[in-house]
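Residue numbers start from 1 in every chain, and the chains themselves are labelled A, B, ... in the order their sequence lines are given, proteins ahead of strands. The basis for the numbers below is simple: all heavy atoms, side chains too, and nothing from hydrogens, waters or symmetry mates.
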Amino acid sequence: MSVRVRIAPSPTGNLHIGTARTAVFNWLFARHHGGTFVLRIEDTDFERSRPEYTQNILDGLTWLGLTWDEGPSFQTQRLDLYRQAVQTLLEKGLAYHCFCTEAELEVMRAEQEAKGQAPRYDNRHRNLTAEQQQAFVAEGRQPVIRFRIDDDRTITWNDMVRDQVSWKGSDLGGDMVIARRADFGEIGQPLYNFVVVVDDMDMQITHVIRGEDHVGNTPKQILLYEALGANIPEFAHTPLILSPSGKKLSKRDGVTSIDDFRKMGYVPEAMVNYMTLLGWSAPDAQERFTLPEAAEKFDFERVNKAGAKFDWDKLNWLNSQYLHDMPTDRLTDLLIPYWQNAGYALDTGDRTWLTQLTALLAPSLVRLEDAVAMSRYLFVPTIEYAEAAVIQLKQEGVTPVLQGILSSLDGMGTFTEAEAQTLIQQVVKDLGVKKGLVMKSLRAALTCDLHGPDLIQSWLLLHQHQLDTSRLQEALAIAAA
RNA sequence: GGUGCCGUAGGCAAAUCGGUAAAGCCGCAAGUCUUUCAAACUUGUGUUUGCGGGUUCGAUUCCCGUCGGCACUGCCA
């Protein structure tokens, strides 16, 4: 039987990194086995589901390169299927109507808590007579539908990452609700744990790969598979991504949506590479790979059991690696929107200048966003001088150096790197100063800082935009002040 | 409270059947290169494998206990 896996996000928020990582493992497993990767949108909670979140999830998966083979399908369009399945269980006597009110359940739980017991439904309406049911209906009560869970059962499965896992039926919290409150005789909105099973059955999912936070759902779902007479799929519960403090990564930890990472300037290659490394390692210790490369080597034997803390340093390193290796042309395309968003006046027609700038910045980039601050002095005519640069400009002997450069610049058109070097040599010779003084002063004057990318290249770019003479003059004013 | 899972250096991790540990990567430090920063390269840096017992000639790997962390415990997904 060929492998069929799925990713089943609910559109109650933007694509989360945890969901994306689950998608990565599913994708890898599907591709490794030449199987099928299905996308299913779990939108049964229509109070929290939003179409824009669905779009965000689709866009995010696409951006990451996690292409799917089937779908997306939407659970809200399959409600009949679920109702039919509920009906089947009702007819088999495996499910029943429970007329308990919220208030009654609250009282029950409070009593259990007072006795130090674990909260659970006590199955009180499991064997209601027709008369009792009619009495509740006459009262105007609407029932939910519950699925019978046998306390004496022990549910065991062989998890692909956790090996054997066992659960006692009595620890499942009593008979579970599978459909929300509705008029007696009707079937209310079916709930997650039930719907998942019906869908996975219907879509013939062979391997359920999901986060560890779902282990507790698995025994309930296995019982449902049995009740519906279906084959039980294999399960793989992957370790969670943890925040630096060791808790499940949540929205509170700041940046967690794929969209946020994208905006900051992480590239998809780095993201999927890093997510793959969180909980899995290649047998040959390879650290950098594409999705297809990882798929070749991927298997659950090498997936860890323990949660993995999210580490910005390593993600940053990977991202910088991909940025450094990227063709300049493509990197330029990626950088342009960042410069535009920063409000820099840039002429996209001046492709050569932009490409040169990109080549200049590339080795220093960690994230695309970094290019904004790093290239500010090349776009904005007047910027604040860094404190260290001001100190440098006020050094003895700086003024004649800058004047010398300025005067030799007078009337000069475009010039090359070699010509710039010659110009500097000439100033060194004429004034009898050290080259270091000239270079350092020139850097301070032109870039307004003491550190940054290659000076000569920066100068060339500045000169093309006629920003160098004005900078030099401004620097002279600072030196004189 | 209950149930389940997990616990190798600052982080990610490796270690066929138990064979006598921390491979590799990130980080950090120093050096080389460079006018500077970054990159790159070189070198260095961290262990009573949570703790305590047991089985064994030998345990990260098996057993028991203990502590800790996390997850779940909904008419959310």
For a quick check of understanding: with a heavy-atom distance under 4.0 Å over all strands, which category does [X] fall into, base, sugar-phosphate or nothing?
| X | result |
| --- | --- |
| A/Asn217 | base |
| A/Arg48 | base |
| A/Leu450 | base |
| A/Arg109 | sugar-phosphate |
| A/Leu191 | sugar-phosphate |
| A/Ser320 | nothing |
| A/Val177 | sugar-phosphate |
| A/Gly279 | sugar-phosphate |
| A/Ser166 | sugar-phosphate |
| A/Asp454 | base |

Could one point to a donor on the side chain of [X] or the base of [N] with an acceptor on the other under 3.5 Å away?
| X | N | answer |
| --- | --- | --- |
| A/Arg162 | B/C5 | no |
| A/Lys305 | B/C5 | no |
| A/Glu287 | B/G24 | yes |

Report the distance from atom [atom1] of [X] to atom [atom2] of [N], rounded to the nearest whole Å.
| X | N | atom1 | atom2 | answer |
| --- | --- | --- | --- | --- |
| A/Tyr192 | B/C72 | OH | C1' | 12 Å |
| A/Glu113 | B/G74 | CD | P | 12 Å |
| A/Asp163 | B/G4 | CG | C1' | 15 Å |
| A/Lys220 | B/C76 | NZ | P | 12 Å |
| A/Glu106 | B/G74 | CD | C1' | 12 Å |
| A/Lys297 | B/A14 | NZ | P | 15 Å |
| A/Leu318 | B/A39 | CG | C1' | 16 Å |
| A/Arg302 | B/G24 | CZ | C1' | 11 Å |

Using the [atom1] atoms only, state how far [M] lies from [N], rounded to an integer number of Å.
| N | M | atom1 | result |
| --- | --- | --- | --- |
| B/G68 | B/C28 | C1' | 27 Å |
| B/C62 | B/U8 | P | 15 Å |
| B/C17 | B/U61 | P | 13 Å |
| B/A21 | B/A9 | C1' | 12 Å |
| B/A59 | B/U20 | C1' | 9 Å |
| B/A71 | B/G31 | P | 43 Å |

Among [options], the nucleotide that comes nearest once only the side chain of [X] is considered:
| X | options | answer |
| --- | --- | --- |
| A/Asp45 | B/U35, B/C76, B/G24 | B/C76 |
| A/His451 | B/U3, B/C37, B/U35 | B/C37 |
| A/Asp311 | B/A39, B/G11, B/G2 | B/G11 |
| A/Pro119 | B/C76, B/A38, B/G1 | B/G1 |
| A/Lys309 | B/A71, B/G27, B/G11 | B/G11 |
| A/Lys247 | B/G69, B/C72, B/A77 | B/G69 |

Review point. Paired with B/A15 by Watson-Crick or G-U wobble geometry, both distances under 3.5 Å: which nucleotide is it?
Key: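 Pairing partner, where one exists within any strand: none, as none qualifies.
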Review point. Are side-chain heavy atoms of A/Leu360 and A/Ser458 found at a separation under 4.5 Å?
Key: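 A side-chain contact exists here, since the closest heavy-atom pair is under 4.5 Å.
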Phosphate oxygens OP1/OP2 of [N]: is one of them under 4.0 Å from a side-chain N or O of [X]?
| X | N | result |
| --- | --- | --- |
| A/Ser281 | B/A14 | yes |
| A/Thr44 | B/A77 | yes |
| A/Lys248 | B/C72 | yes |
| A/Gln321 | B/A40 | yes |
| A/Asn316 | B/G27 | no |
| A/Arg180 | B/A77 | no |

Point to revise | Sequence-distant partners of A/Lys168, salt bridge (Lys or Arg N to Asp or Glu O under 4.0 Å), two or more places apart | key: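 A/Lys168 satisfies salt bridge (Lys or Arg N to Asp or Glu O under 4.0 Å) with no residue once adjacent residues are dropped.
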Check your understanding: Just one of A/His125, A/Gln142, A/Glu104 clears the side chain to side chain contact (heavy atoms under 4.5 Å, CB included) bar with A/Phe99, so which one?
Key ->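 Exactly one option meets the side chain to side chain contact (heavy atoms under 4.5 Å, CB included) with A/Phe99, and it is A/His125.
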Practice item. Examine distances only and state if a side-chain atom of A/Gln286 and a backbone atom of A/Arg288 form a donor-acceptor pair shorter than 3.5 Å. Key: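 Pair found, side chain donor or acceptor close to backbone of A/Arg288.
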Check your understanding: Should the heavy atoms of other residues, nucleotides or ligands under 6.0 Å from CD of A/Glu113 be counted, would the total exceed 12?
Key ->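 Atom CD in A/Glu113 is not crowded, with 12 or fewer foreign heavy atoms closer than 6.0 Å.
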Review point. For A/Gln75 and A/Asp199, does a side-chain donor sit closer than 3.5 Å to a side-chain acceptor?
Key: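 Side chains of A/Gln75 and A/Asp199: pair found under 3.5 Å.
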Check your understanding: Closest approach of A/Asn273 and A/Glu287, non-hydrogen atoms and distance?
Key ->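 Heavy atoms of A/Asn273 and A/Glu287 come nearest at ND2-O, 3.0 Å.
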Practice item. Can you tell me which residue pairs pass the salt bridge (charged side-chain N to carboxylate O under 4.0 Å, His left out) test with a partner in residues 295-308 of chain A, sequence neighbours excluded? Key: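 Sorted result for residues 295-308 of chain A: A/Asp163-A/Lys305, A/Asp284-A/Lys297.
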**Study point:** side chain to side chain donor-acceptor pair (under 3.5 Å) partners of residues 45-54 of chain A, not counting sequence neighbours, each pair once
**Key:**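 For residues 45-54 of chain A, and leaving out neighbouring residues, the side chain to side chain donor-acceptor pair (under 3.5 Å) pairs sorted by first residue read A/Asp45-A/Arg48, A/Arg50-A/Glu52.
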Point to revise | side chain to side chain donor-acceptor pair (under 3.5 Å) contacts touching residues 421-439 of chain A (sequence neighbours left out) | key: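 Matches after skipping sequence neighbours: A/Gln426-A/Asp430.
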Review point. OG1 of A/Thr332 to CE of A/Met326: how many Å apart, nearest 0.5 Å?
Key: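 So the gap between those two atoms works out to 10.5 Å.
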Check your understanding: How many angstroms lie between atom CG of A/Leu240 and atom CZ of A/Arg21, to the nearest 0.5 angstrom?
Key ->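 It is 7.5 Å, given to the nearest 0.5 Å.
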Review point. Where along residues 234-246 of chain A does a heavy atom fall under 4.0 Å from RNA chain B?
Key: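 Within this stretch, A/Leu240, A/Gly246 sit under 4.0 Å of the strand.
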Check your understanding: Of all of residues 427-443 of chain A, which get a heavy atom below 4.0 angstrom from RNA chain B, listed by number?
Key ->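 Close to the strand are A/Met439, A/Arg443.
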Point to revise | Comparing A/Gln75 and A/Lys168 on RNA chain B - which has the more 5′ nearest nucleotide | key: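 The answer here is A/Lys168.
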Review point. Only one of A/Asp151, A/Asp175, A/Asp171 forms a salt bridge (charged side-chain N to carboxylate O under 4.0 Å, His left out) with A/Arg120, so which one is it?
Key: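 Going through the options one by one, the only one that passes is A/Asp151.
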Practice item. May I ask you to say whether A/Lys247 pairs ionically with A/Asp253, meaning some side-chain N is under 4.0 Å from a carboxylate O? Key: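 No salt bridge links A/Lys247 with A/Asp253.
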